Amino acid sequence: MSNAPASSLIPSLGLCVNDECDMQCVYCPPHGENIVHCTMLCEIESILHLLSVARHHEVSVVRLTGGEPLRSPERTQAMLREAVHLGFPKVILNTNGVHLTEASAWLSEYSAGFECKVSLDTLDKTRFRRITGLDAQEAVLNGLASAKDAGLRVTINTVVTTINRNDVPNVLAFCQEHGFDAKVFDVFDFAGALDTRWREHFCSMDDLVEGF
């Protein structure tokens, strides 16, 4: 429960496009922000109606997440198109970046209307595989290059853990070099839904700053 004054809270709508992800990151539940596996997905018409209702009630922020949204490009494109069309002040697409190269062309159609947040915890290939369970660092870096060429607004999301805390300065330097914004945060337990294995990887912001 937030202790922030009601006047400072910004209404937002989070939509999990799917619950499938290419990666099995050490700090994520198995099915992403859906927490548990979905036996069926909402019809896209229902989601588009929900977006319309949310905009009518002055919800400011829409965030498309998963799972991995770009594994379901048609659903993601329909939601993104509608959110941009309805004029939400802030539209965010969260992605692991694996499929960003092939998606950048159609994402560029909406480049002025949304922000693409891409997960990148390290530039070290071995630690990338250890964190994500997938040998896909090259695919993510190529996806970021494609997103930049397509004119997308990109923010790099970096989750600090005991595995990658010494790599954070290099990730920030990478963001500066390529003109990407950066967001750094620590591991959280998804309101208790994540099992205790994440605790062995926890690194506080204080620990991170002390290491700089």
Side-chain angles (χ1 to χ4, degrees), residues 10-111 113-120 131-134 136 139-140 143 146-147 150 152-155 157 159 183 185 187-195 197-198:
I10 301 175
S12 64
L13 174 64
L15 296 173
C16 292
V17 177
N18 54 32
D19 66 356
E20 300 174 346
C21 187
D22 314 89
M23 299 178 178
Q24 291 293 319
C25 294
V26 295
Y27 49 74
C28 276
H31 304 288
E33 296 187 43
N34 277 329
I35 308 298
V36 297
H37 175 61
C38 296
T39 56
M40 57 185 290
L41 297 175
C42 292
E43 295 292 336
I44 192 64
E45 291 78 11
S46 298
I47 297 173
L48 300 185
H49 178 67
L50 175 61
L51 283 166
S52 179
V53 171
R55 187 71 186 108
H56 175 75
H57 288 283
E58 301 183 349
V59 171
S60 310
V61 181
V62 170
R63 184 166 59 94
L64 305 183
T65 184
E68 169 47 47
L70 296 184
R71 286 186 57 146
S72 304
E74 292 183 0
R75 284 174 63 84
T76 301
Q77 186 170 13
M79 294 180 200
L80 184 60
R81 182 194 302 117
E82 186 69 4
V84 172
H85 171 73
L86 290 169
F88 283 92
K90 189 170 187 178
V91 180
I92 300 166
L93 171 67
N94 282 0
T95 174
N96 61 31
V98 173
H99 305 282
L100 196 50
T101 295
E102 54 265 39
S104 288
W106 62 262
L107 287 172
S108 67
E109 299 176 27
Y110 315 101
S111 58
F114 84 104
E115 176 184 5
C116 188
K117 292 193 173 183
V118 184
S119 297
L120 182 65
I131 291 170
T132 66
L134 190 69
V140 175
S146 296
L152 302 185
R153 288 184 293 142
V154 174
T155 295
N157 278 353
V159 179
K183 180 180 179 181
F185 47 100
V187 176
F188 57 99
D189 69 350
F190 289 82
L194 188 58
D195 64 40
R197 65 189 172 90
W198 69 271

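The structure displayed is predicted, hence computed values, not measured ones.
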**Asked** What's the shortest heavy-atom distance between Val98 and Glu102, and which atoms?
**Response** O-OE1, 4.3 Å
**Request:** Taking all non-hydrogen atoms of both residues into account, name the closest pair between Val84 and Gly113 and its distance.
**Result:** CG2-O, 3.9 Å
**Asked** About how many Å separate CZ of Arg153 and CG of Leu93, when rounded to the nearest 0.5 Å?
**Response** 11.5 Å
**Straight-line distance of Gln77 CD to Leu64 CG, nearest 0.5 Å** = 12.0 Å
**Message:** Can you give me the closest heavy-atom contact between Cys21 and Gly67, atom names plus distance?
**Reply:** CB-C, 4.1 Å
**Prompt:** Is there side-chain contact between Cys116 and Thr95, with at least one heavy-atom pair below 4.5 Å?
**Reply:** yes
**Item:** Heavy-atom donor-acceptor pair, Thr132 side chain to Met23 backbone, under 3.5 Å
**Value:** no
**Request:** Measure the shortest side-chain to side-chain distance between Phe114 and Ile92 over non-hydrogen atoms and say whether it is less than 4.5 angstrom.
**Result:** no
**Sub-4.5 Å side-chain heavy-atom contact between Leu50 and Leu15** = yes
**Request:** Decide yes or no for Glu82 and Val62: does some side-chain heavy atom of the first lie under 4.5 Å from some side-chain heavy atom of the second?
**Result:** no
**Prompt:** Between Asp22 and His99, is any pair of side-chain heavy atoms under 4.5 Å apart?
**Reply:** yes
**Complete:** When every non-hydrogen atom of Val140 is compared with those of Ser119, the smallest separation belongs to CG1-O, 4.1 Å
**Message:** Are the side chains of Ile47 and Val17 in contact, using a 4.5 Å heavy-atom criterion?
**Reply:** no
**Asked** Shortest non-hydrogen contact from Val118 to Gly97?
**Response** CG1-CA, 4.0 Å
**Request:** Over all heavy atoms of both residues, which pair between Ala147 and Val154 is shortest? Give the atoms and the distance, please.
**Result:** CB-CG2, 3.9 Å
**Item:** Distance in Å, Leu13 CG paired with His57 NE2, rounded so as to fall on 0.5 Å steps
**Value:** 12.0 Å
**Request:** Would you check if the side chain of Thr76 reaches a backbone N or O of Pro73 as a donor-acceptor pair within less than 3.5 Å?
**Result:** no
**Message:** Any heavy-atom pair between the side chains of Leu70 and Leu100 that's under 4.5 Å?
**Reply:** yes
**For Glu109, side chain to side chain donor-acceptor pair (under 3.5 Å) partners two or more places apart** = none
**Request:** Rounded to the nearest 0.5 Å, what's the gap from SG on Cys28 to CD1 on Ile131? Could you check?
**Result:** 11.0 Å
**Request:** Would you indicate whether the side-chain heavy atoms of Pro89 and Arg55 approach each other to under 4.5 Å?
**Result:** yes
**Complete:** Interatomic distance, CD@Glu68 vs CG@Asn96, rounded to 0.5 Å, equals 3.5 Å
**Prompt:** Going from CZ on Arg71 to CG on Asp19, what distance comes out if it is rounded to the nearest 0.5 angstrom?
**Reply:** 9.5 Å
**Fill in**
With sequence neighbours left out, the residues meeting side chain to side chain donor-acceptor pair (under 3.5 Å) with Thr155 are Glu115
**Fill in**
salt bridge (charged side-chain N to carboxylate O under 4.0 Å, His left out) filter on Arg75, not counting sequence neighbours, yields none
